[in-house]
Amino acid sequence: MIKKIGILTSGGDAPGMNAAVRAVVKTAINSGVEVYGILDGYRGILENRIIKMEKSDVAGIQSRGGTILGTVRYPEFKNAEVREATAAKLKELGIEALVCIGGDGTYMGAMRLTELGINCIGIPGTIDNDISSTDYTLGFDTAMNTIAYCIDHLRDTSSSHHRCTVVEVMGNHCGDLAMFSAVGLAAEIVVTPQHMMSVDQIIDKLNSFRGQGRKQTTVLVSEKMAEMNVVDLAAEIDKRTKYEAKWEILGRIQRGGAPSAFDRLLGATLGGYATQLLLKGKGGLAVGIHNNQLVANPIYEALKMHKEPYFNINEMLDLLNN
Ligand code: ADP
């Protein structure tokens, strides 16, 4: 029977991580197991920044954004020698297993540590929704709510001035934040790696919207798209359509804020489930929800899986915009 587990958050932070930390700490302590919080991701292990956690440490944290454990990028962990020293350090401390909350980089680290004899379970924590073994990642819903708030505000002023607003949202090569937001928030045009449009196609669409009498429009663009720079795109729209165009890059505002009720629920359920699996001696798994069920997939499979939005983006935009 396991006596001590560790928990860390790594990679980009996401609202809902704290709810997962709380669930892990409570589930472990209620099962008679000690929990150690590792500060600043994998780096905190070798630096010995590890604290024994009590239930009082996690009281009320489910409503707080960010992660109380902190997170840093620690590329040195890709080095096999650093990982071996890290596994040895955990063994020396008697920490037999870890819950690792983060994105696909964090999952890689968790998989490698499991190979070195430290069972790890990954919880998907990223606003980008770019982990395919789960329908939704922690933070995605909150980020969409933040985008909704921003788009509502931008649309007010865009309507008054008869403008086209080009908005860049996050997503890290995954178009979900842009596509889900475009459909849910009624943007006219969306451009993502999975839903590419050329500048000419965008201009043609906008001219046809203008011809139909539409006074304002919103174009959502995913970040990190070499083909599409929102500043240049807004300049082209300004030049080649009757809309005055403005651009906004929402940036890290999308990563912060109090988690939505859904992200708190997801954090609570995945945190509890991951801990139960660890206490049963399982490791090398990534937990998530799929088709309304808790699921646990081997991390190496989770990293290769592919998922599509539950709607057809072209069909939805056609239905909603014409
Ligand atoms: P995310 O987990 O959000 O994808 P990163 O890609 O920055 O964020 O990964 C988070 C951390 O996971 C890295 O700073 C590093 O410590 C660890 N990591 C990333 N890739 C690997 C890898 N290939 N092998 C081992 N550890 C990795």
Side-chain angles (χ1 to χ4, degrees), residues 6-18 20-21 37-50 65-67 69-90 98-134 136-140 142-143 169-177 193 222-224 251-252 254-256 259 263 266-267 270-271 274 283-288 297-307:
I7 174 161
L8 58 81
T9 52
S10 155
D13 66 341
M17 283 183 161
N18 283 328
V21 171
I38 296 159
L39 305 184
D40 290 340
Y42 295 112
R43 176 188 251 170
I45 301 170
L46 276 185
E47 293 181 356
N48 211 14
R49 292 190 291 122
I50 300 173
T67 158
L69 296 175
T71 177
V72 295
R73 309 272 179 198
Y74 182 50
E76 294 86 342
F77 205 60
K78 292 181 188 167
N79 177 330
E81 283 167 20
V82 172
R83 289 199 302 272
E84 276 157 26
T86 302
K89 178 78 183 172
L90 288 168
L98 281 187
V99 175
C100 305
I101 308 174
D104 51 6
T106 302
Y107 276 21
M108 281 299 294
M111 186 171 80
R112 297 282 172 239
L113 263 185
T114 303
E115 289 162 5
L116 293 169
I118 304 288
N119 271 344
C120 294
I121 305 262
I123 294 182
T126 160
I127 66 163
D128 301 323
N129 211 36
D130 58 348
I131 302 253
S132 299
S133 54
T134 184
Y136 298 106
T137 57
L138 286 179
F140 177 65
T142 306
V169 300
M170 283 187 162
N172 191 29
H173 307 295
C174 170
D176 282 14
L177 263 182
S222 281
E223 68 173 353
K224 298 188 183 172
R252 279 181 295 275
Q254 297 160 93
R255 293 251 287 260
D263 279 328
L266 196 57
L270 295 183
L285 299 174
V287 296
N297 292 286
I299 294 177
Y300 64 86
E301 281 179 16
L303 290 171
K304 285 189 296 197
M305 289 164 87
H306 178 73
K307 75 176 166 191

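Atom set for the values below is all heavy atoms of this structure, side chains included, hydrogens, waters and symmetry mates excluded. Numbers here simply count residues along the sequence, with the first being 1. Every number for a ligand or one of its atoms is a count from 1 in the order of the listing. What you see is a predicted model; the values in this text were computed from it and never measured.
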So which heavy atom in the protein is nearest [atom], and how far is it from that ligand atom?
atom	answer
atom 25 (C) of ligand 1	F77 O, 3.5 Å
atom 16 (O) of ligand 1	Y74 O, 2.7 Å
atom 5 (P) of ligand 1	R73 NH1, 3.5 Å
atom 3 (O) of ligand 1	G12 N, 3.4 Å

message = Tell me whether ligand 1 is touched by T126 - counting only heavy atoms on the residue side and a distance under 4.0 Å.
response =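 Not so, T126 does not reach ligand 1.
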ask   = Would you say S10 touches ligand 1, if touching means a heavy atom closer than 4.0 Å?
value =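 Contact check S10 vs ligand 1: positive.
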key: Region of Y42 engaging ligand 1 - heavy atom pairs below 4.0 Å   =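 Answer for Y42: side chain.
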ask   = Are R112 and E115 within salt-bridge range, i.e. N to O under 4.0 Å?
value =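 Judged by the 4.0 Å cut-off on N to carboxylate O distance, R112 and E115 do form a salt bridge.
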Would you say [X]'s side chain and [Y]'s backbone share a donor-acceptor pair under 3.5 angstrom?
X	Y	value
N129	T137	yes
T134	V287	no
Y42	P75	no
N18	G65	yes
T114	C120	yes

Geometry only, no angles: is [X] polar-contacting ligand 1 at N/O separations under 3.5 Å?
X	result
G103	yes
K78	no
G105	yes
T106	yes

message = Any donor-acceptor pair under 3.5 Å linking the side-chain atoms of D263 with those of T142?
response =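 Yes.
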ask   = What atoms of ligand 1 come within less than 4.0 Å of a heavy atom belonging to G109?
value =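 Once the distances to G109 are compared, the set is 25 (C), 26 (N), 27 (C).
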task = Under 4.0 Å from a heavy atom of M108: give me the atoms of ligand 1 that qualify, with their elements.
result =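 Atoms satisfying the 4.0 Å criterion: 21 (C), 22 (C), 23 (N), 24 (N).
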message = Please report the interatomic distance OG1(T86) to CZ(F77), rounded to the nearest 0.5 Å.
response =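 So the OG1 of T86 and the CZ of F77 are separated by 4.5 Å.
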inquiry  = If you count every heavy atom of other residues, nucleotides or ligands that lies below 6.0 Å from R49 atom CZ, does the total exceed 12?
reply    =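 Enclosed: over 12 neighbouring heavy atoms sit under 6.0 Å from CZ of R49.
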